[in-house]
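Here is the structure we will look at, set down as structure tokens.
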Amino acid sequence: MSSARPACGPISTYSRVQILHLVQSRSPRTIGDLCDATGLHQNTIREHLQRLIEGGYIIASTERRTTRGRPRTLYSAATGTPEASSDVAREKITAAARRGDLMRRALPQTASDLGTEAAHQLDALIEHLEESGFEPVIDDDQLTVDLTPCPHAAARPEDRPVLCRVHLGLMQGVLTQAGGPLTADFVQEPAAPEECTVQLRLAGAA
């Protein structure tokens, strides 16, 4: 039986989420690793990776070799920490904070009681979620992000845990990159498939 991988086909959103999940779970990864794990063709993997790099979700680096041979490209999740920070993500977060500050100057009643750093984190998080197809509603008092209706509600039940973990990881990466006291803690257990609420945590809070 042939073990050839399928040829490059239409870009699938779930395939991209699969790749993100694999890179978030263990970094760095090579294209070969990702091909073996997904069964996708190298060209398809490369196209997914390029879009994820352009989005600020993955960073690429060159392998340091101590033996002869061409260095491989390594792919890691952009977690927002100094050693795993994306230039694209930094630019997005700076722009989001600038727009947020303009809005708060024009509409002082929209200012958060959580402080400037947390406000900038939320600016970046809201723009990230809107770019990802969500309609976030932030509750500063409860520290929740309501994403209902979840655009992934129609996904297969067995795929939902991966989708949730990936998006929670991306949210945490945005908050870390922005810098401040807020972290993405967990996704609350939904009462219905279309419901999605993410619980945030304030540093030092129980």
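Values reported hereafter were calculated over all heavy atoms of this structure, with side chains retained and with hydrogens, waters and symmetry mates removed.
Between the side chains of Asp139 and Thr144, no donor-acceptor pair is found at a separation under 3.5 Å. A donor-acceptor pair shorter than 3.5 Å can be found between the side chains of Gln50 and Glu54. Remark: the Thr183 side chain and the Gln172 side chain contain no N/O donor-acceptor pair separated by less than 3.5 Å.
Across Leu168 and Phe186, no two heavy atoms sit closer than the pair CD2-CA, 4.0 Å. For the pair Ala124 and Ile93, the tightest heavy-atom approach, listed with the atom from each and the gap, is CB-CG1, 3.6 Å. The minimum heavy-atom distance linking Gln199 with Gln142 is given by the pair NE2-O, 3.0 Å. Contact record, Ile45 with Cys35: CG1-SG, 3.8 Å, taken as the closest heavy-atom pair. Between Gly55 and Val88 the shortest heavy-atom distance is C-CG1, 3.9 Å. Contact between Asp123 and Ala97 at its shortest, heavy atoms only, is OD2-CA, 3.8 Å.
The backbone N or O of Arg64 lies less than 3.5 Å from no partner atom in the side chain of Arg72, so there is not a single donor-acceptor pair. One N or O on the side chain of Ser132 and one on the backbone of His128 form a donor-acceptor pair closer than 3.5 Å. Side-chain N or O atoms of Thr148 include one that pairs as donor or acceptor with a backbone N or O of Cys196 at under 3.5 Å. Here the side chain of Arg29 pairs a donor or acceptor atom with the backbone of Arg26 at under 3.5 angstrom.
Taking the side chain as every heavy atom from C-beta outward, Leu125 and Leu175 approach each other to under 4.5 Å. Contact check for Leu40 versus Ser15: side-chain heavy atoms found under the 4.5 Å cut-off. Within the 4.5 Å cutoff, no side-chain heavy atoms of Tyr75 are placed close to those of Ile19. A 4.5 Å side-chain heavy-atom check between Asp140 and Leu122 finds at least one atom pair inside the cut-off. Leu49 places a side-chain heavy atom less than 4.5 Å from the side chain of Leu34. Contact check for Arg201 versus Leu143: no side-chain heavy atoms found under the 4.5 Å cut-off. Using a 4.5 Å heavy-atom cutoff, the side chains of Thr176 and Thr79 are not in contact.
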Using the rule given for side chain to side chain contact (heavy atoms under 4.5 Å, CB included), can you reason through Glu127 versus Arg99, listing the C-alpha separation, both sets of side-chain angles and the distance that settles it, and then say yes or no? CA-CA 10 Å; Glu127 292 201 7; Arg99 285 187 285 269; 2.6 Å; yes

Residue pair Ser85, Gln177: steps toward the side chain to side chain donor-acceptor pair (under 3.5 Å) verdict: CA-CA 7 Å; Ser85 178; Gln177 181 71 68; 2.9 Å; yes

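Within 6.0 Å of CD in Glu83 there are more than 12 heavy atoms belonging to other residues, nucleotides or ligands. For Glu135, the CD atom is loosely surrounded, since the number of other residues' heavy atoms within 6.0 Å does not exceed 12.
For the side-chain contact (heavy atoms from CB on, under 4.5 Å) with Phe134, the lone residue among Leu147, Val145, Asp146 that qualifies is Leu147.
Under 4.0 Å is where a charged nitrogen must lie from a carboxylate oxygen, and between Asp101 and Arg98 no such pair does.
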